[in-house]
Amino acid sequence: MNDQESMRAALAVAQEALRTGDVPVGAIVINKNNEVISQGRNEREALGDPTAHAEIVAIRAAAELLGTWRLDGCTLVVTLEPCAMCAGAIAQSRISTLVFAAWDEKAGAVGSVWDLLRDPRSLYKVEVRGGVMADESSKLLQDFFQNQRQ
């Protein structure tokens, strides 16, 4: 599964967030064998949980499935650049690779506002590939927020 194929899967998960009025962000975790082992979407509104970002939901599900918090060798694919909380969770879970779509110029912590995962002071380094299918993800988010304002 290449970056575009995996991002299409994450975008499909993001669409599911629209049913509960959550911001449409989706994430999937892919294991060393290139298999999707978990997925998550924003569920802050659905669960009333400020930590229920797509990345956190997907990471928790992957850790539960694997029976360990160490997700070395796994790739997280997410439709929006992770925030500081999610970047911290990515590092703490030892995810090897992060692929994301749209940049978040207001709260992004993987290159836009901060770069927590590639900071030379970070204890754990993550390979990062940003901007994969950014236009598609940005459009989904822009349409959501435009509908919220109406």
Side-chain angles (χ1 to χ4, degrees), residues 1-104 107-119 122-144:
M1 181 178 292
N2 65 33
D3 286 352
Q4 284 73 27
E5 291 168 334
S6 57
M7 190 58 70
R8 278 188 206 93
L11 283 164
V13 175
Q15 290 279 347
E16 296 172 20
L18 296 171
R19 292 179 306 173
T20 57
D22 279 284
V23 177
V25 176
I28 62 171
V29 175
I30 300 170
N31 69 10
K32 297 172 187 176
N33 299 323
N34 210 27
E35 302 163 326
V36 176
I37 59 168
S38 71
Q39 66 180 34
R41 61 179 176 81
N42 274 359
E43 295 187 71
R44 291 188 313 171
E45 299 297 330
L47 301 177
D49 178 355
T51 69
H53 289 203
E55 301 95 320
I56 302 292
V57 173
I59 288 168
R60 285 178 179 156
E64 184 175 339
L65 177 77
L66 296 176
T68 180
W69 61 269
R70 291 181 172 272
L71 302 180
D72 346 49
C74 289
T75 298
L76 176 70
V77 180
V78 63
T79 60
L80 181 64
E81 178 185 1
C83 68
M85 175 183 69
C86 293
I90 290 164
Q92 290 299 316
S93 65
R94 307 297 192 264
I95 285 175
S96 298
T97 305
L98 167 68
V99 177
F100 69 89
W103 296 89
D104 185 346
V110 189
S112 289
V113 180
W114 303 282
D115 199 347
L116 299 179
L117 297 179
R118 293 176 288 194
D119 188 297
S122 295
L123 295 176
Y124 188 76
K125 302 295 186 273
V126 176
E127 179 186 346
V128 176
R129 295 192 295 272
V132 176
M133 297 184 69
D135 291 343
E136 292 85 339
S137 181
S138 293
K139 173 133 180 44
L140 179 62
L141 291 162
Q142 288 167 354
D143 290 350
F144 171 79

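FYI, the numbering just counts along the sequence from 1.
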Undergrad: Would the distance check show the side chain of Ser93 and the main-chain N or O of Ala89 forming a donor-acceptor pair, the cut-off being under 3.5 Å?
TA: yes

Undergrad: Restricting to side-chain contact (heavy atoms from CB on, under 4.5 Å), what partner residues turn up for Glu45, sequence neighbours left out?
TA: Asp22

Undergrad: Please determine whether side chain to side chain contact (heavy atoms under 4.5 Å, CB included) holds for the pair Met1 and Val36, giving the CA-CA distance in whole Å, both sets of side-chain angles, and the decisive distance to 0.1 Å.
TA: CA-CA 9 Å; Met1 181 178 292; Val36 176; 3.9 Å; yes

Undergrad: Does CD in Glu64 sit with more than 12 non-hydrogen atoms of other residues, nucleotides or ligands closer than 6.0 Å?
TA: no

Undergrad: Name all residues meeting the side-chain contact (heavy atoms from CB on, under 4.5 Å) criterion together with Asp49; count only those two or more places apart in sequence or in a different chain, and write none if there are none.
TA: Leu47, Thr51, Ala52, Arg60

Undergrad: Taking side chain to side chain donor-acceptor pair (under 3.5 Å) as the definition, give me every residue that meets it alongside Lys139, ordered by chain and number, with sequence neighbours left out.
TA: Asp143

Undergrad: With sequence neighbours left out, write down each residue that passes salt bridge (charged side-chain N to carboxylate O under 4.0 Å, His left out) with Glu127, or none if nothing qualifies.
TA: Arg129

Undergrad: Any chance you could lay out the side chain to side chain contact (heavy atoms under 4.5 Å, CB included) test for Cys83 and Asp104, step after step, and finish with the verdict?
TA: CA-CA 8 Å; Cys83 68; Asp104 185 346; 5.9 Å; no

Undergrad: Using a 3.5 Å distance criterion without hydrogens, assess whether the side chain of Asn31 forms a donor-acceptor pair with backbone atoms of Glu35.
TA: yes

Undergrad: Determine whether a donor-acceptor pair (N or O, by modelled atom type, separation under 3.5 Å) exists between the side chain of Glu81 and the backbone of Ser112.
TA: yes

Undergrad: Quick one: does any side-chain atom of Ser38 pair with a main-chain N or O of Ala58 as donor and acceptor, under 3.5 Å?
TA: yes

Undergrad: Would you please name every residue forming a side-chain contact (heavy atoms from CB on, under 4.5 Å) with Arg70, sequence neighbours left out?
TA: Thr68, Asp72, Arg94

Undergrad: Identify, with sequence neighbours excluded, every residue that meets side chain to side chain donor-acceptor pair (under 3.5 Å) alongside Glu55.
TA: none

Undergrad: Using the side chain to side chain contact (heavy atoms under 4.5 Å, CB included) rule, pick out the option among Val128, Val126, Thr97, Val110 that qualifies with Ile90.
TA: Val126

Undergrad: Is there a side-chain contact between Ile28 and Ser6 (heavy atoms, below 4.5 Å)?
TA: yes

Undergrad: Keeping the roles fixed (side chain from Glu5, backbone from Asn2), state whether a donor-acceptor pair exists under 3.5 Å.
TA: yes

Undergrad: Among Ile56, Val13, Val57, Val23, which residue satisfies the side chain to side chain contact (heavy atoms under 4.5 Å, CB included) criterion with Asn42?
TA: Val23

Undergrad: With Val99 as reference, evaluate Leu76, Val78, Asp3 under the side chain to side chain contact (heavy atoms under 4.5 Å, CB included) test and give the passing residue.
TA: Asp3

Undergrad: For Thr79 and Leu11, indicate whether the former's side chain and the latter's backbone hold a donor-acceptor pair under 3.5 Å.
TA: no

